[in-house]
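Since the structure is predicted, the reported quantities are computational estimates derived from the model, not experimental observations. We number each residue from 1, following the sequence as shown. First listed ligand is number 1; within each ligand, the first listed atom is number 1.
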Amino acid sequence: MIPPITSMKGAFSLEGQNAIITGGNRGLGLAIAKAFAEQGANCAIFCRNMAKAAEALEELKEIGGTHKAYSCDVTDFDSIRKAIAEVYADYEQIDILVNNSGISYNGELLDMDENLTDWFVTLDTDLNGMVRMTYEVGKRMRDAGKGGSIINMTSNAAYMVNWSPCMAAYSSAKAAGNHFTRCMACELAKYDIRVNAIAPGFTTTELAKHIPPEAMGYIEERTVTKRWGEPIEVGALAVYLASPAAAQVTGSVHVIDGGYMLRC
Ligand code: NDP
């Protein structure tokens, strides 16, 4: 059982915690890594582009803590297992896993090739990557017996049918990610491992650059706060979910989209 907090002093601290963040070399993953580092955590970044990871590590170094990067393709079990072996050699234990890696595919199903390549690549990255990482890290968290926090990055697209652009593969992967989160919260609770999801709306990263220019004004108009989200705001939510303050929070999907869905 995870004890409740008794004071707000240190309730959001991640001092001395070790976190794996997939896709931590840029965008929301890097914002989460920086937010974690500012709260005292050490970050292990998992990604493919190691040049970008080196730039991210420079930013993290300025904040303080012990941060490292590991080459990892979340669609490839061998690559994951190699990175996991390396990270557990470097860090005594892992307390937090953020399954953030993701790609977006914009387009209609009938326009895909006959092997549905884009469908399967999207599902394999956005959903199965999360599953593979949870399997590998979850087993080690269970065996260490010290609990843990797993945060899955999904999207408000899980709840909507985006038609401009069409995103059936992406939305389906994210909807499944939300339910996987709920299932894992129940399965892993006996090991004191909490599992939650963050479902952002439009947030200013490279991924959002795939949005057609003609949709930009529409998005701002429809968002209740009248602006896009900033990556640091997702970082703040991730800090809360990983922190002692969220000891009673598991199996929840936290939408952070400036009220965009309210006007669906
Ligand atoms: P970016 O495109 O900026 O970053 C994507 C990250 O995923 C990169 O770090 C990339 O690293 C990593 N990645 C992609 N494929 C793989 C792979 N096969 N193996 C390992 N890492 C991979 O996107 P965002 O930061 O915007 O998105 C992060 C998450 O947030 C995603 O899951 C996305 O779906 C979700 N999200 C984003 C929203 C937004 O508006 N920005 C809205 C809702 C959800 P590398 O290429 O080096 O491997």
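- Atom 7 (O) of ligand 1 has as its closest protein heavy atom Gly102 N, 3.3 Å.
- Looking at every heavy atom in both residues, Glu230 comes nearest to Thr203 through C-CG2, 3.6 Å.
- Residue contact check for ligand 1: Trp228 places no non-hydrogen atom closer than 4.0 Å to it.
- The closest approach between any non-hydrogen atom of Thr125 and ligand 1 is below 4.0 Å.
- For ligand 1, none of its N or O atoms has an N or O atom of Asn156 under 3.5 Å away.
- Between Thr203 and ligand 1, an N or O atom pair is found at a separation short of 3.5 Å.
- Using a 3.5 Å distance cut-off with no hydrogens or angles, the side chains of Thr117 and Asn115 do not pair a donor with an acceptor.
- For Ser171 and Asn162, the side-chain atoms include no donor-acceptor pair closer than 3.5 Å.
- In terms of protein heavy atoms, atom 25 (O) of ligand 1 is closest to Leu28 N, 2.8 Å.
- Residue contacts with ligand 1 do not include Lys52, since none of its heavy atoms lies under 4.0 Å from the ligand.
- Between Tyr240 and His254, the ring-plane angle classifies as perpendicular under the 30° and 60° cut-offs.
- Ring-plane geometry between Phe77 and Tyr135 is classed as perpendicular, the angle between the planes exceeding 60 degrees on a 0 to 90 degree scale with a lower cut at 30.
- When the options Arg81, Arg142, Lys82 are evaluated for a salt bridge (Lys or Arg N to Asp or Glu O under 4.0 Å) with Glu136, the one that passes is Arg81.
- Any N or O atom pair closer than 3.5 Å counts here, and Asp126 shares no such pair with ligand 1.
- Less than 4.0 angstrom separates some heavy atom of Asp73 from each of these atoms of ligand 1: 17 (C), 18 (N), 19 (N).
- Near Asn49, the atoms of ligand 1 lying under 4.0 angstrom from a non-hydrogen atom of the residue are 45 (P), 47 (O).
- No more than 12 heavy-atom neighbours from other residues, nucleotides or ligands sit within 6.0 angstrom of CD on Glu108.
- With no hydrogens or angles considered, a side-chain donor-acceptor pair links Asn152 and Thr181 at under 3.5 Å.
- The closest protein non-hydrogen atom to atom 46 (O) of ligand 1 is Arg48 NH2, 2.9 Å.
- Counting the atoms of ligand 1 from 1 in the order shown, those under 4.0 Å from a heavy atom of Cys72 are 19 (N), 20 (C).
- Using a non-hydrogen distance threshold of 4.0 Å, Ala199 does not register as a contact of ligand 1.
- Judged by the shortest distance from any of its heavy atoms, Met50 lies outside the 4.0 Å radius around the atoms of ligand 1.
- At a 3.5 angstrom cut-off on N or O pairs, Asn25 counts as close to ligand 1.
- Shortest contact from atom 33 (C) of ligand 1 to any protein heavy atom: Tyr170 OH, 3.5 Å.
- Looking only at heavy atoms of the protein, atom 2 (O) of ligand 1 is closest to Arg26 NH1, 2.8 Å.
- Crowding of Ile232 atom CD1: a count of heavy atoms from other residues, nucleotides or ligands under 6.0 Å not exceeding 12.
- Taking any N or O of Phe46, backbone or side chain, none lies under 3.5 Å from an N or O belonging to ligand 1.
- Side chain to side chain, Asn49 and Asn25 fail the donor-acceptor criterion of an N or O pair below 3.5 Å.
- Every atom of ligand 1 with a heavy atom of Lys174 under 4.0 Å away is listed here by number and element: 31 (C), 32 (O), 33 (C), 34 (O).
- Hydrophobic clustering of Ile, Leu, Val, Met, Phe, Trp and Tyr side chains at less than 4.5 Å, counting indirect connections, keeps Met153 apart from Tyr105.
- The pair Arg227-Glu233 meets the salt-bridge criterion, with a side-chain N (NZ, NE, NH1 or NH2) lying under 4.0 Å from an Asp/Glu carboxylate O.
- Atom 26 (O) of ligand 1 has its closest protein heavy atom at Thr205 OG1, 2.4 Å.
- In terms of polar-atom proximity, Val74 is counted as a contact of ligand 1, with an N or O under 3.5 Å from an N or O of the ligand.
- Residue contacts with ligand 1 do not include Ser104, since none of its heavy atoms lies under 4.0 Å from the ligand.
- Counting heavy atoms of neighbouring residues, nucleotides and ligands inside a 6.0 Å radius, atom CE of Met1 does not exceed 12 of them.
- For ligand 1 and Gly27, the ligand atoms under 4.0 Å from any heavy atom of the residue are 3 (O), 25 (O).
- Among all non-hydrogen protein atoms, the one lying nearest atom 28 (C) of ligand 1 is Asn100 OD1, 3.2 Å.
- Gln39 and Ser243 share no donor-acceptor pair across their side chains, judged by distance under 3.5 Å alone.
- With ring centers used as reference points, Tyr70 lies under 6.0 Å from Phe46.
- Ion pairing between a basic and an acidic side chain is recognised when a charged N comes within 4.0 Å of a carboxylate O; Glu86 and Lys68 show no such pairing.
- Between the side chains of Thr154 and Asn178, a donor-acceptor pair is found at a separation under 3.5 Å.
- For ligand 1, the atoms lying closer than 4.0 Å to a non-hydrogen atom of Phe202 are 40 (O).
- Residue contacts with ligand 1, taken as heavy atom pairs separated by less than 4.0 Å, involve Thr154 solely via the backbone atoms N, CA, C and O.
- Considering backbone and side-chain atoms alike, Ser155 places every N or O at 3.5 Å or more from each N or O of ligand 1.
- Scanning all protein heavy atoms for the shortest distance to atom 6 (C) of ligand 1 gives Gly23 CA, 4.0 Å.
- By the criterion of a heavy-atom distance under 4.0 Å, neither the backbone nor the side chain of Ala157 is placed next to ligand 1.
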